[in-house]
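Remarks on the structure that follows.
The analysis underlying the following values was restricted to heavy atoms, covering all of them including side chains, and did not include hydrogens, waters or symmetry mates.
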Amino acid sequence: MPSQIFEQRESAVRSYCRNFTDVFTKGKNDLLYGESGKEYIDFFAGAGALNYGHSNPFIKQKVLDYIAGDNISHALDMHTAAKAEFLEKFQEKILKPRNLDYKIMFPGPTGTNANEAAFKLARKVKKRANIFAFMGAFHGQTLGSLAATSDWTMRAGANISLGGVVFMPFPEGFMATIDTIGYIESVLTDDHSGIEKPAAIVLEAVQGEGGLNVAPIEWLQKLEKLCRKHDIMLILDEVQVGCGRTGTFFAFERAKISPDIVTLSKSIGGYGFPMALTLIKPEYDIFKPGEHNGTFRGNQVAFVAAAAALDFRETYDFDGETNKKAKILKEYIEANILSINKNLKHKGIGLIQGVDFTGIADVNQTTSKVVKECFANGLILERAGREDCVVKCMPPLTIEEKTLLKGLEILKNAIKKVLA
C-alpha cells in the first residue's frame, strides 16, 4: 500500500500520522507492526481506546462468533440481545458493586457526543444555559463540547464564537496554591460577579490532554458538596481516564463521590470499536423519545465487545495489575528520568503518567524531538498539556512488564539525547 495515497487523498486535518510515519499493518497487545517491518511498543493505546490491548484474543473470539452467527449488526436504538447482555453485565459488574444507580443513554459513538448529550440534558433539567468547565479541560471538538475545551488552538478551529461556558481554575500549577473551590463559591454568591449560575459543572478527575493533572481527592469532595449546595449538576467526563485507566474503573472512584452524569467512550467499546455512554441519575432522565439521537447510537458489535471486556476484567486482575504497573512506571520515571535534568517533573496517576518538561527551554520543540526520537527507536507516545509540555505514557493496561520497562528505557535514552 503506497503511502503517497494518504498525501494525495486524505485531508490535511490528519495529525498523528505526521509524527508516526510508518504504515501500520498489525497490532498485538502492547505492540504495533509497520509496513516497514519495524516493531513498535505502544505507549499511546489509541489515545485511550485500547485499554485491553490490540487484538485481545478473548474479546476477538466473542466478536467473531457473533458475526459468524449472522446476528444483528445495526439496529438504531431498538431492543437487541447484544444490547441486553451489555446492559445486564454493566449493571452487575460495574454499577451494583459501586452502589451507583444510573440510566444508560447511548448517544452517538464518540466521547464528544456523550458530552454533548450531557450538556444538553443538564440545561434541560436546570433550565439554565451556562456550564462551568475548568482551565486545562478537553471535552471534545464538536461545537458544544469544544466550548468546554480550553485549548486555544482547538477552539480556533471553530471559527465562530463559542459561548455558554465559563472556565474556572483547576488546582494545578500555581493555581494549586489557590482555594479554587472558594473562588467558585464566591463567583456563585457575589451579586456582582457577572457570571450566571450554571446548570452543571463538568470536569475530568484527571485532565488527560490538559497535562495529566490529577484532581485531589478532598478537592473533588468539596466540589461535589458545592454542587449540591447550589443546585448544580456535577458531570464527570471519564472518556479517556475511565475503564480502569487510573487503577479503578472510574477515575472519580477514589474520591467516593456520586456524579449526576458520567460520560464514557474510548475503551468502553472493548476492542477499539466506536461506542459511548452517558450515565444519568434516574431523576434526571427527562429526554423525550428521540430528543437526542443518531444513526449509530446502538453499535451492536461494540455491545458484544464491551460485554466481553467486562468479563475479561474478571479473568485478569485489572485494578491490581494496573496499580502494580503504575508503581513500576512512577518509580522508573522518578529514579531514572527526573535525574537527567532538575526541571523535569513526574505527572499523572495509574497508567496515564508522564514527564513534564515545563521549565526546559523551547519546551514545545524539545518534547517534539523526544517523541520523534522515541518513534525512531520503536516507541509510540504522544504529548499533552500547555505547549505540549508533558510526554505522556499511556500503554494498554495489559502491557507486559518487560515491554513497559523496555519502552521506558527508550524514553529515558531519548530524553538524554535531546537534552544533551
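Listed by first and then second residue, the salt bridge (Lys or Arg N to Asp or Glu O under 4.0 Å) pairs that reach into residues 353-369 are K347-D356, sequence neighbours excluded. Sorted by first then second residue, the side-chain hydrogen bond (donor to acceptor under 3.5 Å, both in side chains) pairs that include residues 113-126, not counting sequence neighbours, are N113-H292, N115-D237, N115-T263, E116-T142, K120-H292, K124-E291, K126-D231. For residues 156-170, no pair satisfies side-chain hydrogen bond (donor to acceptor under 3.5 Å, both in side chains), with sequence neighbours left out.
Residues meeting the side chain to side chain contact (heavy atoms under 4.5 Å, CB included) test with A133, sequence neighbours left out: A148, V165, F167, V202. Shown here are the side chain to side chain contact (heavy atoms under 4.5 Å, CB included) partners of N130, two or more places apart in sequence or in another chain: F132, V166, I195, E196, P198. Partners of R297 under the side chain to side chain contact (heavy atoms under 4.5 Å, CB included) rule, at least two apart in sequence or in another chain, are L76, D77, N293.
The aromatic rings of Y271 and F273 sit tilted relative to each other, their planes meeting at an angle between 30° and 60°. Using bins of under 30°, 30° to 60° and over 60° for the plane-to-plane angle, the ring pair F86/F303 lands in the parallel bin.
In this structure the side chain of L223 reaches within 4.5 angstrom of the side chain of I201, judged on heavy atoms.
Using a 4.0 Å cut-off between charged side-chain N and carboxylate O, E253 and R98 make a salt bridge. Between K324 and E401 there is a salt bridge, with a side-chain nitrogen of the basic residue lying less than 4.0 Å from a carboxylate oxygen of the acidic one. In this structure, E7 pairs ionically with R14, as a charged nitrogen and a carboxylate oxygen lie closer than 4.0 Å.
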Any chance you could lay out the ring pair (Phe, Tyr, Trp, His ring centres under 6.0 Å) test for Y183 and W219, step after step, and finish with the verdict? CA-CA 13 Å; Y183 175 77; W219 185 88; over 10 Å; no
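None of D30, I41, I328 except one satisfies the side-chain contact (heavy atoms from CB on, under 4.5 Å) rule with L404; the exception is I328. Of the options N341, N343, V370, a side-chain contact (heavy atoms from CB on, under 4.5 Å) to L419 is made by N341 and by none of the others.
Less than 6.0 angstrom separates the ring centroid of Y40 from the ring centroid of F24. The distance between the ring centers of F58 and Y52 does not fall below 6.0 angstrom.
Environment of NZ in K89: crowded, with over 12 heavy atoms of neighbouring residues, nucleotides or ligands closer than 6.0 Å.
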